[in-house]
Number of protein chains: 2
Amino acid sequence: MSRRTRSDNSIQGIPEATIARLPLYLRALYALADRDTACVSSEELATAAGVNSAKLRKDLSHLGSYGTRGVGYDVDYLIYQVSRELGLTQDWPVIIVGAGNLGRALANYGGFATRGFRVAAMIDSDPLIIGTSIGGHRVFGPDEIERVVTRFGVMIGAITAPATSAQSVCNRLVAAGVTSILNFAPVVLTVPDGVDVRKVDLSIELQILAFHAQRRSASKAHPTAEPPAVNGCEPPSVNGKRPVTQQVTRQAHDEVTAEAIGS
Amino acid sequence: MSRRTRSDNSIQGIPEATIARLPLYLRALYALADRDTACVSSEELATAAGVNSAKLRKDLSHLGSYGTRGVGYDVDYLIYQVSRELGLTQDWPVIIVGAGNLGRALANYGGFATRGFRVAAMIDSDPLIIGTSIGGHRVFGPDEIERVVTRFGVMIGAITAPATSAQSVCNRLVAAGVTSILNFAPVVLTVPDGVDVRKVDLSIELQILAFHAQRRSASKAHPTAEPPAVNGCEPPSVNGKRPVTQQVTRQAHDEVTAEAIGS
DNA sequence: GCGACTTTGTGCAAACGTTCACAAGGGCGT
DNA sequence: ACGCCCTTGTGAACGTTTGCACAAAGTCGC
C-alpha cells in the first residue's frame, strides 16, 4: 500500500499492469456486445480475455464498483467505463513516421481507425512516396512534421522509420509537441521528462520465443540431464582478452532497421 | 526463493523478466562491438540498454560470472554467452502466415534474418500471391503448411493473418508441430499445453499510450483537481439495464483484422 | 610485490503483482 | 417478506521484481 492521496482507490492509483490489461478486456467486451450479450460474469469475461477471474475482478475494481453482485457486469456499461478510463471516448489523431511496410500495416490496422484513433498524416523521406496517398492518408515530407502536429493537435506519434533515423525523427516529434511515442525501431530512444515512449520490438519477441523453444527441445532431448557446460569452468584467461569458444552468427548488426524494405 | 533443483542459479532458474531483457542487452552489445569497444562496464551497458546498472548486473549474474571485477565485461565474450543462453547460436527457421503488409514487414525486418532467424516460407491464402516471391521468400498456400513445417523443421510460427482466421491457422501450425507462436492478430489464441504463444498487439500499445496522454493533459488542464465524476454516484438503476451516459465511438469491432490490407 | 582504486556479484528489504478464499451484497423463487 | 444462491469486491498470503549498499575480487601504478 503506497499511501494514495485519497481513498486509495480510483482517484489516480491504477496499477500499470492493470492498465495494460484493460484493452484486452475492452476487446473481449466488444466481442460479447456483438453477440448481443447484455451481461457477463467475471468468470466468462476472464476466460474470453485469457486471464484469471480474480485478476479481472481486482483490475475492474480499480475503476470503481461497476458490477452487480450475484449477476455480473452490464456489457455496454462496462465498455463505456473502460473506454473512458483509457481515454478512448475522445479521438486521438496519430502521426505515423515511416511509410514502409510497417507504417502501412499500422495505418491499415483494424484496431487503429475504429477505436478512438485516427491517422492524421503519414510522413516519409522518400520523394517518390511524398504526395501520394496510402490507405486514404496523404504522405508528407519530414519537413511537414511540425505543421501537421500543430495543425491537427497530434499528441501521439508512431515511429516506423529505420533505426538510423529514429532518434532524429523522435526529436522532431517531441520538439513539435508530441508527448506519446510508439517506437517500432530497434533502438533505445532518449526523450526529455514528460514524454512517454512505448516500444514494440518484433525481434525481441522472437528471441524470447527462441529461448523457450530451445529449453523445450533441450529438455526433450535429454530430460533432467544438465545442459552441456553452462557455468563455472571457463579458462581464467590471464591476459585480458578471453578466448571466444564459438563465433556467433553475426552478419549485419547495429544498423538494423525497423523497416528494411520501403522507406 | 522458490527452492530450485540445484544451486538456485543458472541450471534452470532464469527469471522471465530477465529473459525479456537479454535481447536488449544483446543489441546494445552488438552496437558496442561495431564501434570496436572490447570491454564495457555494467554502468555503460546499462545506459546503452536503457536500464539500471544494478538490474543489469543481477540479470547477467543469472547466466554466470562472466565479468571481471574492477574492469567490466568482455563484449565479444558476453555476446556469445547471451546468444547461447537465448538459443541464438543455432538457426531458427520461421514460418510466416499472412503475406499482407505486416507479414512483409516482418519478413524484411532487420533483426530477423541476421540474428539466428531465417524465414523458411511465407503462407497466404490469396491465389494471386501464392507462387510469387516476397523479399526472396516463396509464398505457399495454406495447404502447404504441414509440408513446409516438416520439411524445414520449423518450430516457430508468426501469425500475421486476419483475426478471423488466426485461430484456425494456429491450429494447423500446432498440428504440424510448431510449438512457439508469435501472434499479431488481435485475438486470444487457444493452444494445447506445451505450446508457447507470445502476443504483439499494436492497438493495445496505442491504448496504453492514450491512457497516459489523457492523464497528462487532464492534470495539465486542472492540476490537483479531481477528475470530473469518476466514481461512486451512478444511479442505482433498479431494472437491470443501466443507462449509458454517453455512447462510445463504436463503428466496426470484433472483426478487427491483424491486417486490413493485403491478404 | 603491495596498496589503492574500480567494478562485479549478491544479501537484503521494499515495492509490486498475483492468487486464494471468503464476507458482503444483490436477485429470484416461493 | 424471507431465505437461498450466486457473483462481486477485497483482505491477506504468497511470489516475483527492483534497487540499495557493500563485501569480494581483480587491475594498475609505483
Side-chain angles (χ1 to χ4, degrees), chain A residues 1-4 7-10 13-22 25 38-47 49-75 77-78 81 231-232 234-242, chain B residues 1-4 7-10 13-22 25 38-47 49-75 77-78 81 231-232 234-242:
Chain A
M1 298 300 160
S2 60
R3 192 51 52 87
R4 304 284 179 217
S7 60
D8 206 4
N9 184 17
S10 90
I14 302 179
E16 194 58 32
T18 295
I19 297 298
R21 281 186 295 264
L22 289 182
Y25 304 153
C39 187
V40 67
S41 73
S42 65
E43 199 67 54
E44 295 171 281
L45 187 53
T47 304
V51 302
N52 163 319
S53 74
K55 183 148 52 178
L56 178 125
R57 285 200 300 276
K58 184 150 279 183
D59 282 345
L60 293 184
S61 78
H62 284 113
L63 320 190
S65 283
Y66 297 137
T68 307
R69 292 174 193 234
V71 178
Y73 300 90
D74 181 284
V75 172
Y77 185 62
L78 197 53
Q81 292 297 346
N231 195 2
E234 294 299 326
S237 89
V238 190
N239 56 348
K241 205 74 174 180
R242 294 175 197 247
Chain B
M1 296 301 158
S2 60
R3 191 53 50 91
R4 304 285 179 213
S7 60
D8 205 6
N9 184 15
S10 91
I14 302 182
E16 196 58 33
T18 295
I19 297 298
R21 281 186 295 265
L22 288 182
Y25 304 153
C39 187
V40 67
S41 73
S42 65
E43 198 68 53
E44 296 171 280
L45 186 54
T47 304
V51 302
N52 163 320
S53 73
K55 184 149 52 178
L56 179 126
R57 284 199 300 277
K58 185 153 281 183
D59 283 344
L60 292 185
S61 79
H62 284 113
L63 317 192
S65 285
Y66 296 137
T68 307
R69 293 174 192 231
V71 177
Y73 300 90
D74 181 284
V75 173
Y77 186 62
L78 197 53
Q81 292 297 346
N231 195 4
E234 296 298 327
S237 90
V238 188
N239 56 348
K241 204 77 172 180
R242 292 177 199 245

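Since we're looking at a predicted model, the values are computed, not measured.
- Distance A/R57 CZ to C/dC20 C1': 10 Å, rounded to the nearest Å.
- Regarding contacts with the backbone of D/dT18, a side-chain N or O of B/K55 is found under 4.0 angstrom from either OP1 or OP2.
- To the nearest angstrom, P of D/dG9 lies 8 Å from CG of A/L60.
- In this entry the distance linking CG of A/L78 with C1' of D/dT7 reads 15 Å, nearest Å.
- Comparing D/dC20, C/dC20, D/dT17 by their closest approach to the side chain of A/A54 singles out C/dC20.
- With rounding to the nearest 0.5 Å, the separation of OH in A/Y25 from CG in A/L45 is 8.0 Å.
- Considering all non-hydrogen atoms of both residues, B/G13 and B/H62 come closest at O-CD2, 4.3 Å.
- Side-chain proximity of B/S41 to C/dT8, C/dT19, C/dG17: nearest is C/dT8.
- Here the side chains of A/V51 and A/D59 are not in contact, with every heavy-atom distance at 4.5 Å or above.
- Note on A/Y73: a side-chain N or O is less than 4.0 Å away from OP1 or OP2 of D/dG9.
- Axis angle, first five pairs versus last five pairs of the helix from C/dG1-D/dC30 to C/dT30-D/dA1: 10°, rounded to 10°.
- With sequence neighbours excluded, the residues forming a side chain to side chain contact (heavy atoms under 4.5 Å, CB included) with B/A20 are A/I208, listed by chain and number.
- Counting to the nearest Å, the P atom of C/dT19 and the CG atom of A/L56 are 12 Å from each other.
- Between the C1' atom of C/dT7 and the CZ atom of B/R69 lies a distance of 9 Å, rounded to the nearest Å.
- Projected onto DNA chain C by closest heavy-atom contact, B/V40 and A/V71 fall at different nucleotides, the more 5' of which corresponds to B/V40.
- Residues passing the side chain to side chain contact (heavy atoms under 4.5 Å, CB included) test with B/S53 are B/S42, B/E43, B/A46, B/R57, sequence neighbours excluded.
- For C/dG26, neither phosphate oxygen OP1 nor OP2 lies less than 4.0 angstrom from any side-chain nitrogen or oxygen of A/T68.
- Side-chain N/O atoms of B/S42 include none lying less than 4.0 angstrom from OP1 or OP2 on C/dT7.
- Dashed line: the shortest gap from a side-chain N or O of B/Y66 to OP1 or OP2 of C/dT7 is not under 4.0 Å.
- We find that CG of B/D74 is positioned 15 Å from C1' of D/dG26, with the value rounded to whole Å.
- The OH atom of A/Y77 sits 9.5 Å away from the OG1 atom of A/T68 when rounded to the nearest 0.5 Å.
- Each of A/G70 and A/K58 lies near DNA chain C, and the nucleotide nearest A/K58 is the one positioned closer to the 5' end.
- Counting only heavy atoms from C-beta outward, the side chains of B/L60 and B/Y66 never approach each other to under 4.5 Å.
- Between A/H62 atom NE2 and D/dT8 atom P the separation is 17 Å, expressed in whole Å.
- Following rounding to the nearest Å, B/Y25 (OH) and C/dT8 (C1') show an atom-to-atom distance of 15 Å.
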